[in-house]
2 protein chains.
Amino acid sequence: MLSKKTKYGLQALTFLAREYGRGPLLISDLAEREGIPKKFLEAILLQLKNAGILQSRKGKGGGYSLGRRPEEITVGQAVRILEGPLAPVPCVSETAYQRCTECEDERSCGIRLVMKDVRDAIARILDNTSLQEMLNRSEEARREFGPLDYHI
Amino acid sequence: MLSKKTKYGLQALTFLAREYGRGPLLISDLAEREGIPKKFLEAILLQLKNAGILQSRKGKGGGYSLGRRPEEITVGQAVRILEGPLAPVPCVSETAYQRCTECEDERSCGIRLVMKDVRDAIARILDNTSLQEMLNRSEEARREFGPLDYHI
DNA sequence: AAATAGTCTATAGATTTAATAGACTAAAAC
DNA sequence: GTTTTAGTCTATTAAATCTATAGACTATTT
C-alpha cells in the first residue's frame with residue numbers, strides 16, 4: 001500500500017501537470033485544493049524538488065512548478081522518490097539491490113523468481129506512464145462516462 | 001516492500017511444500033532451519049492456519065503441514081493473509097475496497113486508473129503462481145545454473 | 001525596508017512492525 | 001490417569017516508520 005505521502009505527492013504532481021505552463025502554484029493553494037496538510041505538503045514538494053522533478057521560486061509570484069514537461073516525468077520516478085524502491089523484496093530491486101542474507105542460492109530462490117516478475121510488471125507500468133499519459137487517461141475516462149452531475 | 005512477517009511466511013510455506021506428504025513439521029525445526037525467531041514464526045503459522053491454508057496437530061508426532069496440496073495454494077493467498085490487500089491504493093482493491101474520500105470522480109481519477117493496472121498485474125502473477133509452481137521454477141533454475149559449489 | 005513565499009531543523013504523537021514471555025490446552029505415550 | 005509433547009492464546013515491549021506541526025531562516029520581489 002502506498003503511504004499518504006506518496007498519494008499526496010502524486011495528487012500534487014497531477015495538479016501541477018494539469019496547470020503546466022501557467023506559472024508557479026503556491027503550496028497553500030495546492031494544499032487547500034487537494035485537502036493536504038500544508039506543512040506535510042511542503043516537505044513532500046521539497047523532496048520532489050531536491051530529486052529534480054519540481055522547481056520552485058521564492059518571493060512574490062513564486063511557488064512550485066514541474067521541472068520538466070509532463071511527458072517527461074513518470075509515475076515511477078515519483079513513487080521511487082517518495083515511497084522507495086518498486087521491488088517487493090530488496091534482492092530484486094534494480095535501484096536498491098541488497099543481497100538476501102539467509103538465501104543460500106539467490107539464483108534459484110523461488111520466492112525471488114516470483115517477486116522479480118512482480119517487480120518487472122510494476123516497473124513496466126509505472127516507468128512507462130508519464131504524468132501527461134495519466135492526464136490523458138483521466139480525460140478519456142471523463143469523456144466515456146460523461147460529465148459528473150453534482151446533485152448534493 | 002513486503003514485511004519480514006510475509007517473507008518468513010513464504011519461506012515457511014515453501015519449506016512445507018517441499019516436504020509435503022511426509023507428515024507434520026515442528027515449529028522449532030522450521031524456525032531453526034529458516035533462521036526465523038521461533039515465537040514470531042508461531043504467530044505467522046497460526047495466522048496461516050486460521051486462514052485455512054495450513055493445518056496442525058498438537059502433542060507428540062504433531063506439527064504443521066499444508067492444508068491443501070501445494071498446487072492448490074497460491075502465493076497471492078499467502079500474501080493477502082500476511083500482508084493485506086495486493087492493491088497499492090484501497091480504491092482499486094478487489095478484496096478490501098474503500099472509496100477515496102477526497103476523490104470527486106473515482107471513475108476518471110488518473111492515479112486510480114494507473115494503480116488499477118498495477119494491482120491487476122500483481123494479482124495476475126501472484127494469484128496464478130502456486131507453491132508447487134514456485135518450487136518448479138526453483139528446480140528449473142537450479143538445473144540451469146548447475147549445483148552450488150560450496151567453498152567455505 | 002516590507003511583504004511574500006519557499007527552506008530548514010526539530011519535535012511529537014500515532015501507528016505498525018518485530019520480537020519475547022509465560023500461562024494454557026489438546027493429544028499422545030506410558 | 002499422569003507425564004510429555006507441541007501447538008494456542010494473551011500480554012507486553014522495543015524499535016521503526018508514518019503523519020503532522022511549530023517556528024526560525026533565507027531568498028526574492030515590490
Side-chain angles (χ1 to χ4, degrees), chain A residues 1-12 16 23-67 79 81-85 88-90 96 101-102, chain B residues 1-12 16 23-67 79 81-85 88-90 96 101-102:
Chain A
M1 282 280 182
L2 295 179
S3 61
K4 285 203 178 186
K5 185 178 172 185
T6 302
K7 274 186 270 184
Y8 289 160
L10 290 175
Q11 283 179 251
L16 287 164
L25 281 168
L26 300 186
I27 298 178
S28 341
D29 288 352
L30 258 170
E32 199 181 348
R33 295 284 292 274
E34 296 289 337
I36 303 171
K38 191 192 158 200
K39 275 289 180 181
F40 198 13
L41 183 58
E42 252 180 54
I44 294 167
L45 296 178
L46 189 57
Q47 194 173 348
L48 290 171
K49 181 202 160 171
N50 289 335
I53 71 179
L54 289 184
Q55 59 186 208
S56 66
R57 283 173 60 100
K58 288 183 177 185
K60 176 136 194 180
Y64 270 99
S65 46
L66 296 187
V79 170
I81 293 164
L82 296 172
E83 190 79 18
V89 286
T101 44
E102 287 302 311
Chain B
M1 283 283 182
L2 295 179
S3 63
K4 286 203 178 186
K5 185 177 172 182
T6 303
K7 273 186 270 184
Y8 289 159
L10 290 175
Q11 283 178 250
L16 287 165
L25 281 167
L26 300 187
I27 299 179
S28 339
D29 288 352
L30 257 170
E32 199 182 347
R33 296 282 292 273
E34 295 289 335
I36 303 170
K38 191 192 156 199
K39 273 292 181 179
F40 198 11
L41 183 57
E42 252 180 54
I44 294 167
L45 295 179
L46 189 57
Q47 196 173 346
L48 290 170
K49 180 202 159 168
N50 289 334
I53 71 180
L54 288 184
Q55 58 184 209
S56 67
R57 281 174 62 101
K58 288 184 177 180
K60 176 131 193 184
Y64 270 100
S65 46
L66 297 187
V79 170
I81 293 164
L82 296 172
E83 190 78 20
V89 288
T101 43
E102 288 300 311

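Every chain is numbered from 1, with letters handed out A, B, ... down the list of sequences. In what follows, every heavy atom counts, from backbone to side chain, and hydrogens, waters and symmetry copies are set aside. The structure displayed is predicted, hence computed values, not measured ones.
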Rounded to the Å, how far apart are B/Lys60 NZ and C/dA28 P? 13 Å
Taking for each residue the nucleotide of DNA chain D bearing the nearest heavy atom, is the 5' side occupied by A/Lys58 or by A/Lys5? A/Lys5
Answer with base, sugar-phosphate or nothing: what part of the nucleic acid does A/Lys4 contact at a heavy-atom distance below 4.0 Å? sugar-phosphate
Identify the two heavy atoms, one from A/Lys38 and one from A/Ala31, that lie closest to each other, and give their separation to 0.1 Å. CA-CB, 3.8 Å
If you look only at distance, which donor and acceptor atoms sit under 3.5 Å apart when one is on a side chain in residues 56-66 of chain B and the other is two or more places apart or in another chain?
{"unit_1": "B/Ser56", "atom_1": "OG", "unit_2": "B/Lys49", "atom_2": "NZ", "d": "3.2"}

So, does A/Tyr64 get its side chain near the phosphate of C/dA5, meaning an N or O under 4.0 Å from OP1 or OP2? no
Over all heavy atoms of both residues, which pair between A/Lys7 and B/Val89 is shortest? Give the atoms and the distance, please. CD-CG1, 3.8 Å
Looking at OG of A/Ser28 and CD of A/Glu42, how far apart are the two atoms once the value is rounded to the nearest 0.5 Å? 8.5 Å
Let me know the distance between NZ of A/Lys49 and C1' of C/dG6, rounded to the nearest Å. 8 Å
Distance in angstrom units between B/Lys7 NZ and C/dA18 P, rounded: 8 Å
Using a 4.0 Å cut-off to any heavy atom of chain B, which nucleotides of DNA chain D are the first and last in contact, reading 5' to 3'? D/dT5 to D/dC9
Which heavy atom of B/Met1 sits nearest a heavy atom of B/Glu83, and at what distance? O-OE2, 3.7 Å
Measuring from the side chain of A/Leu26 (C-beta onward, heavy atoms only), which nucleotide among C/dG6, C/dA29, C/dT4 has the closest atom? C/dG6
Starting at the 5' end of DNA chain D and moving along, which residue's nearest nucleotide shows up first, B/Lys39 or B/Gly61? B/Gly61
Roughly how many Å is it from CG in A/Leu16 to C1' in C/dG6, rounded to a whole number? 14 Å
Regarding B/Lys38, tell me which of base, sugar-phosphate or nothing describes its non-hydrogen contacts under 4.0 Å with the strands shown. nothing
Is the CD atom of B/Glu32 crowded by more than 12 outside heavy atoms at less than 6.0 Å? no
Pick one: which of B/Leu82, B/Ile27, B/Leu10 meets side chain to side chain contact (heavy atoms under 4.5 Å, CB included) with B/Ile44? B/Leu82
Distance check needed: C/dT25 C1' versus B/Leu46 CG, whole Å only. 13 Å
Give one of base, sugar-phosphate or nothing for A/Leu25, where a contact means two heavy atoms less than 4.0 Å apart. sugar-phosphate
